[in-house]
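Step one of this worksheet: look at the structure below.
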Amino acid sequence: MGMYSPLLPSPGTSNLMPRLVMKFGGTSVADLDRIRNVARHVKREVDAGYDVAVVVSAMSGVTNQLVAWCKDASAMHDAREYDAVVATGEQVTSGLLAIVLQGMGVNARSWQGWQLPILTDGAHASARIQDVNGAELIKRFDELKQVAVIAGFQGKHEATGRITTLGRGGSDTSAVAMAAAIGAERCDIYTDVDGVYTTDPRVVPNARRLNKIAYEEMLELASLGAKVMQVRSVELGMLRNVRIFVRSSFVKPEDIDPKANFIGTLICDESEIMEQQTVTGIAFSKDEAQISIRRVQDKPGVAAAIFGPLADASINVDMIVQNVTADGATTDLTFTVPSADYERARVVIEKAKSTIGYERLDGATDVAKVSVIGIGMRSHAGVAAEAFKALAEQKINILAITTSEIKFSVLINGSQTDQAVRTLHALYGLDKG
Ligand code: ADP
Ligand code: ASP
Ligand code: MG
């Protein structure tokens, strides 16, 4: 696959320097050597004439360790204290990168979320960004040519002044929000793959890199399991029209000419994509659990009696299937919830047993959701039907189905996930070569 053509006007052509956000994920800053490598990527763009805001994640594995410590300290820990703990990973990397950049002669300063500030709501552990103040950074770009190194993932709840975090993978969202705030011409997401692929390249070696993908498709891919971008970052990019370019930090910094073509995937408006395929990509998620309520009384109000209490408990129900049983008086109802909520969901349904009226509750956590995504499905019929046939030929049983305008999902046995993904990947001609 060829290189992508110039992304935007070349830098350094006006008095006002173009601005760039460069985000580096955990594996890209995993140790000091990698941080030095990142610094060389940053220097390259500074030398090319960009004012740069860098957003960094915690070093690979650090956030997992911090989360594990919180859980170990107390299973029912206070989310405000969880945030105080897990936000530290990014603080370390931001300081280290600033030190390394300074050592290379690049004027750089680190910034924590609370210092800028990046203001969020008060939903600790999964806070939403409300406002980003880029004024001080812009002043320093103009007056000092100073690179900003921002700790991703964290913000501040204005009302309480406390540190918040944005949910796992949240540095992507910090980066896109930063790009919108400073009017960056692009938000580069550097990671351990050189772009967005037709499916997870770790599972399907035959997956192909996409040169471009529409915001809406990326949003579905991310929501349905592809962890390459946090869902909210794509939402924000779409809303604020930020051009997001996913690329690899493992390419040698010196091998990239910032003024020429470079390899990666541009997430952009669908109008920019010329050759729209029917199917763009396949996502999968093993974090699903299935609950079946057997022999529910088939009468008005029963769905409300089941899903009302689940909603009250903030449990997200995804797929729902209802079957009428042979007696005609009762029905079987199957639905899925995130596997993290499985036990809680069972308790909620058992508590409501007398109002719902059912015979038995069955459940399984060894299920997976495989989803096929593509804007082209809007205008092509029969795309899902082909999948059902191909899966049947592979003896993969479908437990539930959902469809919407640009995607459909099937729930299957978890042990058949890779086989199902590979089958569908080949079926829609997404294989490389
Ligand atoms: P970072 O630490 O840089 O934020 P992540 O681990 O969050 O990186 O995301 C990158 C990973 O996402 C890749 O290593 C890849 O295994 C996974 N991934 C899942 N689906 C896709 C996809 N469709 N395209 C590219 N990568 C994907
Ligand atoms: N360090 C955080 C995480 O691991 C945020 C991020 O990397 O985007 O979830
Ligand atoms: Mg990530």
Side-chain angles (χ1 to χ4, degrees), residues 22-30 34 38 41 55-68 70 82-83 85-94 113 125-127 129 150-155 164-178 187-211 213 217-234 244 246-250 263-265 267 279-287 370-374 417-418 421 424-425 430 432:
M22 304 172 76
K23 181 259 175 179
F24 295 89
T27 38
S28 304
V29 293
R34 296 259 176 90
V38 162
H41 279 293
V55 174
V56 287
S57 285
M59 294 159 95
S60 163
V62 167
T63 309
N64 285 348
Q65 174 68 78
L66 296 169
V67 171
C70 290
Y82 165 96
D83 277 351
V85 174
V86 300
T88 58
E90 273 70 13
Q91 176 160 348
V92 172
T93 347
S94 61
S126 61
I129 295 179
I150 298 153
F153 185 48
Q154 38 162 279
T164 53
T165 63
L166 309 178
R168 297 307 304 269
S171 295
D172 296 327
T173 305
S174 310
V176 174
M178 213 57 239
C187 180
D188 281 352
I189 303 286
Y190 285 84
T191 181
D192 55 5
V193 274
D194 63 0
V196 178
Y197 278 67
T198 47
T199 193
D200 190 340
R202 289 193 211 185
V203 171
V204 182
N206 251 344
R208 248 183 321 118
R209 186 173 52 76
L210 299 160
N211 279 336
I213 184 169
E217 291 173 319
M218 190 64 232
L219 198 56
E220 294 286 5
L221 264 184
S223 316
L224 295 166
K227 79 162 190 172
V228 60
M229 292 287 294
Q230 198 199 32
V231 176
R232 284 182 188 167
S233 71
V234 186
I244 304 171
V246 181
R247 56 194 300 189
S248 171
S249 71
F250 296 141
I263 290 174
T265 301
I267 306 174
V279 169
T280 305
I282 295 173
F284 54 90
S285 159
K286 295 182 182 172
D287 299 329
V370 177
S371 307
V372 175
I373 295 130
T417 313
D418 292 7
V421 172
L424 298 178
H425 197 264
L430 299 176
K432 172 163 67 185

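Sequential numbering from 1 along the given sequence is applied to the chain's residues. Counting starts at 1 for both ligands and their atoms, in listed order.
Distances between N or O atoms of Asp172 and those of ligand 2 include no value under 3.5 Å. Residue Asp172 places no N or O, backbone or side chain, under 3.5 Å from any N or O of ligand 1. Between Lys23 and ligand 2, no pair of N/O atoms sits closer than 3.5 Å.
Nearest to atom 15 (C) of ligand 1 among the protein's heavy atoms is Asp200 OD1, 3.5 Å. Ranking the protein heavy atoms by distance from atom 1 (N) of ligand 2 puts Glu90 OE2, 2.6 Å first. Scanning the protein heavy atoms around atom 2 (O) of ligand 1, the nearest turns out to be Gly26 N, 3.2 Å. The single protein non-hydrogen atom nearest to atom 14 (O) of ligand 1 is Arg202 NH2, 2.5 Å, given as residue, atom name and distance. Among protein heavy atoms, the minimum distance from atom 3 (O) of ligand 1 is reached at Thr191 OG1, 2.7 Å. Nearest protein heavy-atom neighbour of atom 5 (P) of ligand 1: Lys227 CE, 3.8 Å. Nearest protein heavy-atom neighbour of atom 27 (C) of ligand 1: Val228 CB, 3.7 Å. In this structure, atom 25 (C) of ligand 1 lies nearest to the protein heavy atom Gly195 O, 3.4 Å. Protein heavy atom in closest approach to atom 9 (O) of ligand 2: Arg168 NE, 2.7 Å. The nearest protein atom to atom 7 (O) of ligand 2, hydrogens excluded, is given as Ser57 OG, 2.9 Å; this is a heavy-atom distance. The protein heavy atom nearest to atom 24 (N) of ligand 1 is Tyr197 N, 2.8 Å.
Residue Gln230 places every heavy atom at 4.0 Å or more from ligand 2. Not close to ligand 2: Gly26, with no non-hydrogen atom less than 4.0 angstrom away. Proximity of Gly25 to ligand 2 is not established, as no heavy-atom distance is less than 4.0 Å.
Considering only heavy atoms from C-beta on, Met178 comes within 4.5 Å of Ile150 through its side chain.
Panel note: side chain Ser126, backbone Leu166; no donor-acceptor pair is recorded below 3.5 Å. Using modelled atom types, one side-chain atom of Thr199 and one backbone atom of Ile282 make a donor-acceptor pair closer than 3.5 Å. Formation of a donor-acceptor pair under 3.5 Å by the Arg208 side chain with backbone atoms of Leu430 is found in this model.
A salt bridge is absent between Asp188 and Lys23; no separation between the charged side-chain nitrogens and carboxylate oxygens falls under 4.0 Å. Electrostatic pairing of Arg202 and Asp418 does not count as a salt bridge here, judged by no charged N lying under 4.0 Å from a carboxylate O.
Donor-acceptor pairing under 3.5 Å is recorded for the side chains of Arg247 and Tyr190. Judged by distance alone, the side chains of His425 and Thr198 do bring a donor and an acceptor atom under 3.5 Å apart. Thr165 and Gln154 form no side-chain donor-acceptor contact under 3.5 Å, judged by distance and modelled atom types alone.
Counting atoms of ligand 1 from 1 in the listed order, those under 4.0 Å from a heavy atom of Ala226 are 20 (N). Of all atoms in ligand 1, listed by their number and element, those nearer than 4.0 Å to a heavy atom of Lys23 are 4 (O). Ligand 1 places these atoms under 4.0 Å from at least one heavy atom of Asp192: 10 (C), 11 (C), 13 (C), 14 (O).
With a heavy-atom cut-off of 4.0 Å, Thr199 touches ligand 1 through its backbone alone. Residue contacts with ligand 1, taken as heavy atom pairs separated by less than 4.0 Å, do not involve Ser57 at all.
Atom OG in Ser233 sits 6.0 Å away from atom CD1 in Ile189 (nearest 0.5 Å).
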